[in-house]
Novice: 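Sharing a structure below in structure tokens format, with a few things to ask.
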2 protein chains.
Amino acid sequence: MTDPTPEPAAPRRRADVERNERAIVDAASRVFSASGVDAPVREVAAAAGVGMGTLYRHFPTRADLMVAVYRHQIDECAEAGPALLASAPSPFVALLAWVHRYVDFLGTKHGLGNVWQGDAPGLTALHQLFLDRLLPVLSSLLDAARESGEVVADVRPYELLRAVGDLVAWTVHDPDYDVRHIVTLLLTGLRQEQPDWEQTDAD
Amino acid sequence: MTDPTPEPAAPRRRADVERNERAIVDAASRVFSASGVDAPVREVAAAAGVGMGTLYRHFPTRADLMVAVYRHQIDECAEAGPALLASAPSPFVALLAWVHRYVDFLGTKHGLGNVWQGDAPGLTALHQLFLDRLLPVLSSLLDAARESGEVVADVRPYELLRAVGDLVAWTVHDPDYDVRHIVTLLLTGLRQEQPDWEQTDAD
DNA sequence: CACGTTACGGAGCGATGTTCCGCTTTGCAA
DNA sequence: TTGCAAAGCGGAACATCGCTCCGTAACGTG
């Protein structure tokens, strides 16, 4: 589904190119797990046994590298959406379950939440991947929950996806802070119409 | 450490010490406004007309500097709590208004949200200041709203303070993402009891 | 096997955080 | 007023990190 054309005009890649690319993604995967996604680029290059130049030619930005490392897991997360919708007792429960799954995914990659930060204009590759793959899923879950009448609040999928991302962003294991709980609270809020509070604040 | 006592044993500070400290905080205030709280330390030192050594002796960490710059505003935010509680039509409305004020405060300092990130163990100076000054305020607002029956959800003040902080953290002006809206949704969620959803997710 | 093309490696540049130490300023006292 | 020790200052220097650049090595085709 991702991977459109297998061989559009196959410019026949050199053997070392293939080999290095695998080595880099492999190393990055290991390094990210061990030191977080903010690990120095040099470290990844060293772990892969390639030079900086090679790494940068293959993955010009850190986000590109992260895409390569996490694309598979993101796809899995996306694909879980329809399945949950089909098996859950109600659309809202499915929504809740999916969002929790999303939280778990982000949470295990220490620091991945930054996806939503930084450059809004250029839209980093990873940011874009999240939008492409996850937004439609969340969108349909939300629609279903709205149709079933469980969700009544006016909220756009993008807002929700990003808000949850922000909440998880820097989660370190803190006994006093349970992201899942907060996320559940947020989703619970969707079940209520919101009065005209929006104007309530000062100034 | 927060230095409550004016003169515990007044070791009589040198004049230049006083002068430099003022100059640094002043400069930092200007630089932070102009370039965000992540501005290079050198820039602040230059703007203050002092050397790096001087700056670091006065403020060993960036957080210490931020405390000096923002303490006043944080105090104002804290003091607004009781006032709002007294003047708002209901405790929940006061809670909502105060949280929005908190959001506005964080939002105007581009990047200040990082307070909650980083070292949980040592607790950065700024993090600690937020806890000391704002947590009690939010706590009392929340209690009041719970007593009035408007808030029924089980949530601790710390969770809420931090969640909102995370939501605002990197807010850049994005037409597709309105933090205030999301925060309102979150608070709305507090008005409902939460079913046993917490367990709903897979695995 | 030779040669042109492609890719590689890592030194090097600029930016930033942080430390360290010789020199200056300050305040007290003679 | 002047001398002096201590306190404080300045900024060079070191360490890291992101990123670029180009001489050199590897590849694969004829």
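Below, read A as the first sequence line, B as the second, and so on, with proteins coming before strands; counting in each chain starts at 1.
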Novice: Rounded to whole angstroms, how far apart are CZ on A:F59 and P on C:dA7?
Specialist: 14 Å

Novice: Rounded off to whole Å, could you give me the CD1-to-C1' distance for the A:I24 and C:dG9 pair?
Specialist: 12 Å

Novice: In terms of the nearest nucleotide of DNA chain C, which residue is placed more toward the 5' end: B:R19 or B:D38?
Specialist: B:D38

Novice: Base, sugar-phosphate, or nothing: which does A:R62 touch, judged by heavy atoms less than 4.0 Å apart?
Specialist: sugar-phosphate

Novice: Starting at atom CG of B:D64, determine the distance to atom C1' of C:dT18, rounded to an integer number of angstrom.
Specialist: 14 Å

Novice: Establish, with yes or no, whether the OP1 or OP2 oxygen of C:dA7 is under 4.0 angstrom from a side-chain nitrogen or oxygen of A:H58.
Specialist: no

Novice: Out of C:dT16, D:dG10, C:dC8, which nucleotide sits closest to the side chain of B:R42?
Specialist: C:dT16

Novice: Measure across A:V183 and A:H100 and return the closest heavy-atom pair with its distance rounded to 0.1 Å.
Specialist: CG1-CD2, 4.1 Å

Novice: May I ask you to check whether B:S140 and B:D143 show a side-chain donor-acceptor distance below 3.5 Å?
Specialist: no

Novice: Starting at CE of B:M66 and ending at P of C:dG17, how long is that distance when rounded to a whole Å?
Specialist: 12 Å

Novice: Is there a donor and acceptor pair, one atom on the side chain of B:R14 and one on the base of C:dT25, closer than 3.5 Å?
Specialist: yes

Novice: Counting side-chain heavy atoms from C-beta on, which of C:dT26, C:dT19, D:dC19 comes nearest to B:D16?
Specialist: C:dT26

Novice: Would you please confirm or rule out a distance under 4.0 Å between OP1 or OP2 of C:dG9 and any side-chain N or O of A:T54?
Specialist: yes

Novice: Tell me what B:A15 touches on the nucleic acid: a base, only sugar-phosphate, or nothing, going by heavy atoms under 4.0 Å.
Specialist: sugar-phosphate

Novice: Please determine if a side-chain N or O atom of B:N20 lies less than 4.0 Å away from the OP1 or OP2 oxygen of D:dG8.
Specialist: no

Novice: Is the closest side-chain donor-acceptor distance between B:D64 and B:Y56 under 3.5 Å?
Specialist: no

Novice: Would you kindly give the CD-to-P distance between A:E18 and D:dC27, to the nearest whole Å?
Specialist: 13 Å

Novice: For B:L55 and D:dG8, what is the distance between atoms CG and C1' respectively, to the nearest whole Å?
Specialist: 14 Å

Novice: With nearest nucleotide decided by heavy atoms, which residue, A:P40 or A:G53, maps closer to the 5′ end of DNA chain D?
Specialist: A:P40

Novice: Should B:R57 be listed as having a side-chain N or O under 4.0 Å from OP1 or OP2 of D:dC9?
Specialist: yes

Novice: Could you tell me the separation between the CD atom of B:E21 and the C1' atom of D:dG8, rounded to a whole number of Å?
Specialist: 13 Å

Novice: In this structure, how many angstroms lie between the C1' atom of D:dC9 and the CE atom of B:M52, rounded?
Specialist: 13 Å

Novice: Do you see a donor-acceptor pair shorter than 3.5 Å between the side chains of B:S29 and B:D26?
Specialist: no

Novice: Just by distance, no angles: are the side chains of A:D75 and A:Y70 close enough, under 3.5 Å, to form a donor-acceptor pair?
Specialist: no

